[in-house]
Amino acid sequence: MKILEERIIKDGIVKEGNVLKVDSFLNHQMDVELFHEMGMEWKRLFADKPINKILTIEASGIGIACVAAECFHVPVVFAKKAQSINLDGEMYTSKVESFTKKKVYDIIVSKKFLGPDDHILIIDDFLANGCAVMGLIDLINASGATLEGVGIAIEKGFQKGGAEIRAKGIPLASLAIVDSMDAATGKITFGTR
Ligand code: 5GP
């Protein structure tokens, strides 16, 4: 998606450790008009899918998912992150290793909000090693819901998440795919899949 790539070039900052900082427009300060364009693009790309719910993960996926949900006219559920959980049977749970914080945490969704009638589009801000998306897929599988696809704002194509999701045959729409980024020069290149 051209406008997202241009915005990454303009405002993205490449950090050491393969981290791209986009907090001026995507996950701290948020450009909701850009989010709307992204939501409409996912709507176009998943037009043939009977999506009736969007699933994301707190915190930085929530803003993007909410604007996308308005484009799809469906509700959003976000998986909550929990340090330690009481397994009382009311929740679906999975484990996710955070790429940016390097720690493992539990994610939970209430059984009230995910079930066999649901056709889910997963939305998140970044795809790196794929742990967050795989954790969400675990929750979907446990609930009996159907995964219709995954919509990502920025995929880092040099990390393994995208290849693993495509290898499973899951429709994946990444609106910008970063093929390389250099912390020393700040240079970012994009590709397609
Ligand atoms: P994964 O689980 O695919 O390894 O990483 C995805 C999650 O880590 C996203 O939800 C995102 O919050 C965070 N993340 C991964 N890479 C980056 C990055 O380069 N920049 C930022 N800001 N967040 C990232």
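Read the numbers this way: they start at 1 and go in the same order the structure lists the ligands and their atoms.
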Going by the atom numbers of ligand 1, which of them fall below 4.0 Å from some non-hydrogen atom of N27? 22 (N)
Can you tell me if K156 has a non-hydrogen atom under 4.0 Å from ligand 1? yes
Would you check, one step at a time, whether the test side-chain contact (heavy atoms from CB on, under 4.5 Å) holds for I188 with I9? CA-CA 7 Å; I188 301 169; I9 295 285; 4.3 Å; yes
Minimal non-hydrogen separation, I54 against I123, with atom names: CG2-CG1, 3.6 Å
Step by step, work out the side-chain contact (heavy atoms from CB on, under 4.5 Å) result for I64 and M38. CA-CA 8 Å; I64 299 168; M38 290 160 49; 3.9 Å; yes
Mind checking whether C131 has an N or O less than 3.5 Å away from an N or O of ligand 1? yes
Of all the non-hydrogen atoms in the protein, which one sits nearest to atom 11 (C) of ligand 1, and at what distance? D125 OD1, 3.5 Å
Would you say T100 and ligand 1 have an N/O pair spaced under 3.5 Å apart? no
Just checking, any donor-acceptor pair under 3.5 angstrom between side chains of N27 and S60? no
re atom 2 (O) of ligand 1, the protein heavy-atom contact at minimum distance is A132 N, 2.8 Å
Rounded distance [0.5 Å steps], CE in M181 versus CZ in F158: 4.0 Å
Scanning both residues in full, the closest heavy-atom pair of A65 with T56 reads CB-CG2, 3.6 Å
Have a look at ligand 1 and work out which part of D124, if any, has a heavy atom under 4.0 Å from it: side chain, backbone, both or neither. side chain
Mind checking whether M134 and I140 sit in one hydrophobic cluster, side chains of I, L, V, M, F, W, Y counted as touching below 4.5 Å? yes
Just to confirm my output: which protein heavy-atom neighbour is closest to atom 4 (O) of ligand 1, and how far is it? N129 N, 2.8 Å
Give me the atom names and distance for the closest heavy-atom approach of N18 to K156. O-NZ, 2.7 Å
Any S60 heavy atom less than 4.0 Å from ligand 1: yes
Nearest-neighbour protein heavy atom for atom 21 (C) of ligand 1, which is reported as residue plus atom name and distance: F126 CE1, 3.4 Å
Could you go through V133 and L127, starting from their C-alpha distance and side-chain angles, then the distance that decides it, and tell me whether this counts as side-chain contact (heavy atoms from CB on, under 4.5 Å)? CA-CA 8 Å; V133 168; L127 178 60; 4.1 Å; yes
Could a heavy atom of N18 be found less than 4.0 Å from some atom of ligand 1? yes
If we set the cut-off at 4.0 Å for heavy atoms, which region of V22 has an atom near ligand 1: side chain, backbone, both, or neither? neither
Could you give me the CA-CA distance, side-chain angles and deciding distance for I137 and I170, then say whether side-chain contact (heavy atoms from CB on, under 4.5 Å) is met? CA-CA 10 Å; I137 292 173; I170 298 166; 3.7 Å; yes
Ligand 1 N/O within reach of M181 N/O, cut-off under 3.5 Å: no
Can you report which non-hydrogen protein atom sits closest to atom 8 (O) of ligand 1, along with the distance? F99 CB, 3.9 Å
Return the residue, atom name and 0.1 Å-rounded distance of the protein heavy atom closest to atom 20 (N) of ligand 1. L20 O, 2.7 Å
